[in-house]
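What follows is a short report on a single structure.
Quick note: numbers below take in every heavy atom, side chains included, and nothing from hydrogens, waters or symmetry partners.
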Amino acid sequence: MNERESIASPKRTKEIIDKHRFSFKKSLGQNFLIDQNILGKIVAAADLDPTKGALEIGPGIGALTEKLALGAGEVAAVEIDRRLIPILKDVLSPYGNVTVREADVLKVDLKALFDEVFVRSEKVSVVANLPYYVTTPILMKLLEEKLPLENIVVMIQKEVAERMSASPGGKEYGSLSIAVQYYSEPELVCIVPRTVFIPQPNVESAVIRLKVRDKPPIEVADEEHFFTLVQASFTQRRKTIANNLRARYFSQEGRERMEGLLHEAGIEPSRRAETVSMEEYARLSGIFLREGLR
């Protein structure tokens, strides 16, 4: 398919928008991608073939959906903006392997959707240009529901992509880094300039691939407790981990006990949360559970 025929070309995008008299809604974070090269990188990172399925969230006018239809066996596109549904059905009519669903992905029963659409797919990947204002809730829903996913390849805000892939010790490393890396292996695919969108966003973007793990890299007795402890550790980034955790789990008199538990986990109480590894948090969570500190 050449660029003139592709939905992603600036000319065709403008034609589609004008034909359907579509106006962008800032509240939905709508920025349509108009660059063939970036689309190619996104699809390549998903490693699709006719035996695999692709779930797209926020397809817009179908630029990425079209590429997915050509590369995957089955495609499901979930779009919250009902004004885009007739446009998608129009532009994607040549592709019989695409299912378009009007819905808020945060409210969709994704397991049921998978059972319905991806009956012939050996593996499924999420491939999407996500609305930036709901990036984290969407990704955490995809990861926490433990769906049978191979990859999650998404265009997101560059700053968020850097946080997701950050290692301990840097200012980007936080509770989001740990949560994402618990469920997946993140890899930055490319940085994306603002100029490849209509309209142009106010922030830089990046494509990140999350290779979904078969099992977490660490063992924790209670996932909910582990993530609660991690979030409590980062409550105030300028404070030490001892001070943050004492505020969550102890009274002022609990300093000695708090420091003793941190030492048992091999963590100096004077350290800050961003220097503590996932393995150390797992060890500390186990110690807290043993002590009845929930």
Using 30° and 60° as the class limits, which term best fits the ring planes of Y182 and F227: parallel, tilted or perpendicular?
-> perpendicular
Flag the pair [X] and [Y] as a salt bridge only when some basic side-chain nitrogen lies within less than 4.0 angstrom of an acidic carboxylate oxygen.
| X | Y | answer |
| --- | --- | --- |
| R209 | D47 | no |
| E279 | R283 | no |
| K111 | D115 | no |
| R213 | E150 | no |
| E74 | R120 | yes |
| K11 | E15 | yes |
| E56 | K67 | no |

F22 ring center within less than 6.0 Å of F32 ring center |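 So the answer is yes for these two rings.
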L262 versus I241: any side-chain heavy-atom pair under 4.5 Å?
-> yes
Using the side chain to side chain contact (heavy atoms under 4.5 Å, CB included) rule, pick out the option among V230, I218, I267, V220 that qualifies with Y281.
-> V230
Looking only at heavy atoms, the pair that brings L149 and L142 closest together is CD1-O, 4.2 Å
d(E116 CD, D109 CG) to nearest 0.5 Å is 10.5 Å
